[in-house]
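Inspection log for the structure reproduced underneath, given as structure tokens.
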Number of protein chains: 2
Amino acid sequence: MTGRQTEPYGRPDKRQAIMRAARRVFGRDGYARAGVDTIAAQAGVSKRTIYNHFTDKQHLFETVALEGAHEVTAAIAQIMDRHLHKIVDLEEDLIAFSLDRVAAVTAFPDHFALVRTIEAEAAHIPPAILRAWIDAGPQTGHLRLAPYLRRIAGQGLLEIDDADRAAAHLTLLTITDINQQTFYGAVPLPEEKVRAIITGGVRAFLRIYATASPPGSP
Amino acid sequence: MTGRQTEPYGRPDKRQAIMRAARRVFGRDGYARAGVDTIAAQAGVSKRTIYNHFTDKQHLFETVALEGAHEVTAAIAQIMDRHLHKIVDLEEDLIAFSLDRVAAVTAFPDHFALVRTIEAEAAHIPPAILRAWIDAGPQTGHLRLAPYLRRIAGQGLLEIDDADRAAAHLTLLTITDINQQTFYGAVPLPEEKVRAIITGGVRAFLRIYATASPPGSP
DNA sequence: GTCAAAGTACACTCACTAGTGCAAGCCTTA
DNA sequence: TAAGGCTTGCACTAGTGAGTGTACTTTGAC
């Protein structure tokens, strides 16, 4: 219909400025409250330009949501690799990993504010788009974590029957707990509480999945 | 300021109709999209009446959020008592409890749709109100679950150092997992998957907290 | 039946928002 | 320098939504 997704239109810098601004404003104000004028002002761009790049407010929102998911997924992948590629002390490494993963929420405040908005809009987003977003973001997080756990299990440190479920459990016991309490960073939580939750979560995870007699033991 | 909270105003049936309608519409459409006219129509009440009962759209929203939290908390308390007052088989009882707790989301669709809206609005809700909501709803859920776990631990079936954390973990591994995947019921999840998640979650919980040698064993 | 409190219908203000049309200006590439 | 795509500013439409004022009717208690 529009053809604007396939053959790119306009100056890329403008487009990027729009997306960045849209992410921030949608995340801060929510979909309905966010005004296209506000986004334009934030982007330092004429409103008309936004409508030259994107057919619709809805379309803009969807595009921003998907693009952001990819970005963060890549960042999380890096964090995983940094902490879980080579295991020294499993508990310590998992704690450090989880702390970094939580820190990502602070590092991408606009994105995670947007996540909250997306979850709120779930019922008003076309199912196909929502599906695509889940696949690009949250879901990929799990699917990428699972292989690491499988590998660690292969080293005899974990005993795992279903790696996907284990990944889900680790996520729930650490990041999800914190995200839920802080509403994805909207409500502050003191550093020491974050640490306590993560530590408790990782220890619980290890009680579920750690091998009874690790390879280093007699 | 208004005095309307302290000395009740107007006919209670009208007030209740408004609250019911507001809960549904806020939950379905989100705060910003929800129109006071829509709520009035849904309640079968004149818009003016709404403004006679509540000073504000915001005020109405806050009132509905708090009232709903109390209602559901009471319902959950009943479910807890039904399943956890007397333990026959711990795993079975916990699974049955969790399944019922998840079913409550379906039983109060309006309320849980509203929960999603509240979480989305977190950043726009006055902190004091948000705090009050958390205390009345989610938080109370935990605090009420903890004593049951403590009691079960006292019977030698669980080994728990921090009952609040244990309650949080049980919640995360079961209901939270499901609520997150279904966006509080907005996206369907087949019955058998629900069952699988709950079962897996409860088993994981027991691996964390079940006593190594229960009292019945030799 | 009377009276007061509460509810209703409706018209209205005011602010704001999505989206469009257009003429003029800018920038880059040839 | 000429051209053509892109951006801009601005005015404009058309719709929507919160909240109010008012005159009138309903309801329930006594």
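Please read all numbers here as calculations on a predicted model, not as lab measurements. Here is how names work: the chains are called A, B, and so on, in the same order as the sequence lines, proteins then strands, and each is numbered from 1.
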Testing A/Lys14, A/His59, A/Arg11 for side chain to side chain contact (heavy atoms under 4.5 Å, CB included) with A/His53, which one passes?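 Going through A/Lys14, A/His59, A/Arg11 one by one, the side chain to side chain contact (heavy atoms under 4.5 Å, CB included) with A/His53 is satisfied by A/Lys14 alone.
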Taking for each residue the nucleotide of DNA chain C with the nearest heavy atom, is it A/Asp37 or B/Asp13 whose nucleotide lies nearer the 5' end?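 Checking each residue's closest nucleotide, the 5'-ward one belongs to B/Asp13.
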Need to verify one output field. Residue with the more 5' nearest nucleotide on DNA chain C, B/Thr49 or A/Thr38?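 With B/Thr49 and A/Thr38 compared, the 5'-side residue is B/Thr49.
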Taking 4.0 angstrom as the limit, do B/Glu71 and B/Arg23 come out as a salt bridge? yes
Any donor-acceptor N/O pair under 3.5 Å between D/dG9 base and A/Lys47 side chain: no
Answer yes or no: side-chain N or O of B/Arg48 and base N or O of D/dG21 forming a donor-acceptor pair under 3.5 Å.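 Donor-acceptor pair under 3.5 Å: yes.
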For A/Thr171 and A/Arg101, does a side-chain donor sit closer than 3.5 Å to a side-chain acceptor? yes
Under-4.0 Å side-chain N/O to phosphate OP1/OP2 contact, [X] with [N]:
| X | N | result |
| --- | --- | --- |
| A/His53 | D/dT7 | yes |
| B/Lys14 | C/dG7 | no |
| B/Ser46 | C/dG7 | no |
| B/Tyr9 | C/dG7 | yes |

If you look at every strand shown and take non-hydrogen atoms under 4.0 Å, does B/Ala34 touch a base, only sugar-phosphate, or nothing? sugar-phosphate
Round to a whole Å and report the spacing from [atom1] of [X] to [atom2] of [N].
| X | N | atom1 | atom2 | answer |
| --- | --- | --- | --- | --- |
| B/Phe54 | D/dT20 | CZ | C1' | 18 Å |
| A/Phe61 | C/dT17 | CZ | P | 17 Å |
| B/Tyr51 | D/dG21 | OH | P | 13 Å |
| A/Ile50 | C/dT17 | CD1 | P | 13 Å |
| A/Gln16 | D/dC6 | CD | C1' | 18 Å |

CA sep, side-chain torsions, deciding dist, call: A/Arg28, A/Arg33, side-chain contact (heavy atoms from CB on, under 4.5 Å): CA-CA 9 Å; A/Arg28 190 191 52 199; A/Arg33 250 192 274 260; over 6 Å; no
Minimal non-hydrogen separation, A/Ala136 against A/His70, with atom names: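 Nearest pair, atom of A/Ala136 first, then A/His70: CB-NE2, 3.7 Å.
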The answer to which of B/Asp56 and B/Arg11 contacts DNA chain D further toward the 5' end, by nearest nucleotide, is B/Asp56
